[in-house]
Amino acid sequence: MSVEAVNQTVPGHQVKPGADPVPAKENKKDMDGTPKLTAKEVLEEQKPSHRRQESSASMLDKGPSSVCSDSGVLDEPLTPQGDSGELKDIQSLDCNGNQEKITSQKSSMSESFATAKASDGTNSLRKTSGSAKISDRADFPESGKSSMCRPSASSNISDESSCSSMSSSTTKPHKGSDSRWEAIRVIRSRDGILGLSHFRLLKKLGCGDIGSVYLSELNGTKSYFAMKVMDKGSLASRKKLLRAQTEREILQSLDHPFLPTLYTHFETDKFSCLVMEFCPGGDLHTLRQRQPGKYFSEQAAKFYVAEVLLALEYLHMLGIIYRDLKPENVLVREDGHIMLSDFDLSLRCDVSPTVVKSSNPGPDALQRNNQAYCVQPACIEPSCIQPACVAPTTCFGPRFFSSKSKSKKEKKAKPKPEIVNQVSPLPELIAEPTDARSMSFVGTHEYLAPEIIKGEGHGSAVDWWTFGIFLYELLFGKTPFKGSGNRATLFNVVGQPLRFPESPIVSFSARDLIRGLLAKDPQHRLGYKRGTTEIKQHPFFEGVNWALIRCASPPDVPKPVELDRPPKPAPANAKAAAPAANQKGTDNFLEFEFF
Ligand SMILES: Nc1ncnc2c1ncn2[C@@H]1O[C@H](COP(=O)(O)OP(=O)(O)OP(=O)(O)O)[C@@H](O)[C@H]1O
């Protein structure tokens with residue numbers, strides 16, 4: 001299928017929602033005002049993808065608008081006759097092509113922010129915003145192109161030099177009952193190898209910076225996968241081979257319920273293909289947009305962030321700093337549980353998980369181990385979040401330390417030593433890669449940690465910062481430091497204090513957790529020293545059964561998708577109604593009508 005063929009058969013290649021402004025194509029709008037481009041136009045312009053629906057203003061200070069291509073629905077499933085014959089088809093459908101993630105090199109950015117003081121945001125802004133370097137940097141011009149959908153940024157500086165190599169594992173002990181393994185094994189034993197020709201590409205699910213992802217069926221098996229197809233030539237010319245390799249190696253090493261399963265990987269002359277688990281529920285960004293008020297209830301947010309926390313804990317144990325947490329990268333599985341995706345910006349480093357057991361617990365240990373936190377009115381006072389509590393430490397002390405809630409008589413009745421004896425310290429697993437250091441500029445503007453922006457070098461604490469922004473966005477429907485453009489956002493991150501909107505009303509424990517995570521100084525950030533262990537003990541997570549959360553009922557279970565329905569010819573007018581690949585309207589699965 002050629003580009004022209006795609007243009008003919010996929011009508012109204014819709015710009016993904018939130019693509020404003022689209023100066024070059026403003027005149028092309030659908031009835032609902034959605035700008036439209038043909039796939040050919042998109043391919044010609046080679047603009048990056050985006051998924052932000054709510055952005056009404058450009059997230060860029062300058063640079064071309066961002067578009068993604070088509071509806072993603074393939075009229076006829078692509079059934080490769082052979083790898084070489086398939087290449088042209090995939091290439092012409094690939095909306096990514098030579099797209100760039102917005103990128104930046106570290107030096108100028110850090111120089112610009114070296115003059116900015118986190119404690120004095122307004123002044124810093126004034127001081128630096130006029131500098132030529134800042135304006136050079138703010139658009140992250142690795143390619144001179146920028147995307148508007150909170151794309152991830154990265155520098156070309158390799159993190160890999162100081163990092164350990166990761167052994168790849170081909171067995172996933174926890175996925176033994178998954179029939180897709182067996183389907184792959186059968187084909188392999190029959191044909192010897194597994195390649196592109198064994199798959200039918202049904203639908204484009206989306207495109208990222210280094211490749212496009214297709215819903216695919218392993219021919220005749222009714223086993224469905226998400227296949228990420230990366231053009232090796234394009235990766236090489238854009239110096240992204242290392243990133244693709246990093247992602248592949250990380251995926252190969254994972255075996256966790258909230259992380260992707262990589263079933264197989266193969267190469268053709270032109271393409272590198274990753275065959276992963278397909279998540280039919282879309283991403284959390286899209287799901288959030290569908291919530292009343294565009295934010296999640298606290299219960300739902302708690303569920304999602306708890307699962308993400310477990311995924312991050314596992315990654316940190318493996319010495320992987322994720323660095324690109326955002327709702328767009330959290331996919332929803334068939335059963336409503338989450339899958340953290342997209343590892344091309346991750347940093348690998350050495351880690352030595354350690355079990356820490358204190359024989360003589362001091363007050364710190366008691367505080368950590370005692371789950372009976374004080375949530376008495378005394379601690380819910382607004383004064384509690386004033387200066388003393390702006391520090392990342394939680395306002396919640398164990399009940400043991402709360403004298404206000406007890407009468408003098410009670411206090412006398414329970415002398416301190418007795419209480420100390422009641423609290424036996426549990427061993428704690430500390431799996432935080434605390435020594436990791438990177439100077440790269442990677443992430444997504446609204447999610448970038450201050451230390452990355454300032455170019456001070458960063459470690460695993462950046463994941464706790466992004467975790468705080470993530471929780472904030474799920475609860476409030478927006479990120480805390482978003483400015484009118486990328487540059488303003490970066491300055492807000494560094495210099496503006498954290499503020500909470502008056503509505504929706506969010507519990508004190510949630511806000512306290514966010515405050516702890518969004519400490520600008522990484523050393524004061526919750527999770528800095530003891531990682532997940534520290535965060536899990538926060539009262540916000542009280543009642544979460546960490547070990548069994550994978551069995552808990554998710555807040556939202558996607559409607560079942562009938563993937564094995566044979567393709568049926570779509571009437572011309574019906575095709576025009578097919579939603580865009582990433583648009584995911586109220587009923588995602590209408591799209592599958594068109595297979
Ligand atoms: N396993 C999957 N199941 C369903 N959809 C997926 C899956 N993996 C990716 N996608 C979809 O494909 C899109 C592209 O994914 P990909 O990981 O290539 O890029 P991305 O998330 O946009 O990241 P980036 O540009 O930061 O690398 C995603 O936005 C997502 O909607």
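Residue numbers run from 1 in the order of the sequence given. Counting convention: from 1, in listed order, for ligands and their atoms alike.
Residue contacts with ligand 1: Cys279 is placed with a nitrogen or oxygen under 3.5 Å of a nitrogen or oxygen of the ligand (distance criterion only). Distances between N or O atoms of Asp342 and those of ligand 1 include at least one value under 3.5 Å. Residue Lys228 has at least one N or O atom closer than 3.5 Å to an N or O atom of ligand 1. The shortest N or O to N or O distance between Glu277 and ligand 1 is under 3.5 Å.
For Glu247, the salt bridge (charged side-chain N to carboxylate O under 4.0 Å, His left out) test picks out Lys228, with sequence neighbours left out.
Of all the heavy atoms of Asn329, the ones lying under 4.0 Å from any atom of ligand 1 belong exclusively to the side chain. Residue Asp209 touches ligand 1 through backbone and side chain together, judged by heavy-atom distances below 4.0 Å. Contacts with ligand 1 closer than 4.0 Å are made by backbone heavy atoms (N, CA, C, O) of Cys207 only, the side chain lying farther away. Of the heavy atoms in Ser341, none comes closer than 4.0 Å to ligand 1.
Note: Tyr263 and Trp181 have tilted aromatic rings, judged against thresholds of 30 and 60 degrees for the angle between ring planes.
Considering only heavy atoms from C-beta on, Tyr447 stays 4.5 Å or farther from Val493 through its side chain.
For an aromatic pair to be called close, the ring centres must be under 6.0 Å apart, and Phe481 with Trp465 satisfies this.
Shown here for Thr466 and Asp463, the closest heavy-atom pair between the two residues is OG1-O, 2.9 Å.
Within 6.0 Å of atom CD in Glu334, 12 or fewer heavy atoms from other residues, nucleotides or ligands are found, so the atom counts as exposed in its surroundings.
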